[in-house]
Amino acid sequence: MIKRSRNSGVRLTASDSAIVKGMRQRGDRQHDIASFFGVNAGRIAEICTGKRFASVMPAESKSLPPQGPYLTLAQRWRSETPARMTGRW
């Protein structure tokens, strides 16, 4: 029997979806938006296609986060950890 991975517990709200739509309107990639929110890119696609939160309008550009790409936790850890500890000499 195949085990599914545990749910991340992250739920996007209507407010989040407005930000998602604003970020897409600005030109951000769905992958970068998903990374910012910590969700699968499929959840972002559902918002962008109108499958979820269809009636929510995009957020104004002044209320959007800086444009991606965003560092993942692994990338941040590698950049802050000395090379001898990560095996990269």
Side-chain angles (χ1 to χ4, degrees):
M1 180 178 204
I2 298 174
K3 283 188 172 183
R4 293 181 60 166
S5 21
R6 196 168 23 146
N7 187 329
S8 70
V10 177
R11 296 220 176 235
L12 295 175
T13 64
S15 176
D16 293 335
S17 71
I19 294 170
V20 167
K21 290 179 180 185
M23 292 171 80
R24 274 303 287 157
Q25 215 172 42
R26 178 176 68 188
D28 292 22
R29 298 179 304 169
Q30 289 184 9
H31 174 82
D32 293 333
I33 298 169
S35 176
F36 178 79
F37 283 99
V39 298
N40 183 290
R43 303 301 70 81
I44 302 304
E46 290 173 347
I47 293 170
C48 294
T49 61
K51 185 174 180 180
R52 298 195 185 273
F53 302 108
S55 62
V56 175
M57 299 300 294
E60 295 181 19
S61 60
K62 64 182 177 184
S63 61
L64 299 177
Q67 196 161 2
Y70 305 99
L71 289 177
T72 64
L73 289 175
Q75 290 169 323
R76 187 176 305 146
W77 177 79
R78 285 186 194 111
S79 70
E80 295 172 354
T81 306
R84 69 181 187 288
M85 295 182 72
T86 63
R88 293 178 292 134
W89 292 91

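For the single chain, residues carry numbers from 1 onward in sequence order.
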Checklist entry - For Asp16, what residues pass the salt bridge (Lys or Arg N to Asp or Glu O under 4.0 Å) criterion, not counting sequence neighbours? => result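 By the salt bridge (Lys or Arg N to Asp or Glu O under 4.0 Å) rule, Asp16 matches no residue at all.
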Residues at least two apart in sequence or cross-chain that pass salt bridge (Lys or Arg N to Asp or Glu O under 4.0 Å) with Lys62, listed by chain then number, are Glu60
Checklist entry - Side chains of Leu12 and Ser17: closer than 4.5 Å at any heavy-atom pair? => result no
I want to check something: taking the side chain as every heavy atom from C-beta on, are Pro58 and Arg26 in contact at a cut-off of under 4.5 Å?
no
Hits for side chain to side chain contact (heavy atoms under 4.5 Å, CB included) against Arg24, two or more places apart or cross-chain, chain-then-number order -> Gln30, Ile33, Cys48
Partners passing side chain to side chain contact (heavy atoms under 4.5 Å, CB included) against Ala59 (at least two apart in sequence or in another chain):
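Ala59: side chain to side chain contact (heavy atoms under 4.5 Å, CB included) contacts with Ala18, Ile19, Ser63, Leu64.
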Output all residues satisfying ring-ring contact (aromatic ring centres under 6.0 Å, His included) with Phe37, sequence neighbours left out; order by chain, then residue number.
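By the ring-ring contact (aromatic ring centres under 6.0 Å, His included) rule, Phe37 matches no residue at all.
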Quiz item: What is the minimum heavy-atom distance between Gly68 and Asp32, and which atoms define it?
Solution: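 Minimum heavy-atom contact is C-OD2, 4.3 Å.
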- prompt: Atom CE of Met23 and atom CZ of Phe36: how far apart are they, to the nearest 0.5 Å?
  reply: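 So the CE of Met23 and the CZ of Phe36 are separated by 5.5 Å.
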Distance col, row His31:NE2 vs Asn40:CG, nearest 0.5 angstrom, shows 10.5 Å
Contact list for residues 63-72, test salt bridge (Lys or Arg N to Asp or Glu O under 4.0 Å), sequence neighbours left out: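 For residues 63-72, and leaving out neighbouring residues, there are no salt bridge (Lys or Arg N to Asp or Glu O under 4.0 Å) pairs at all.
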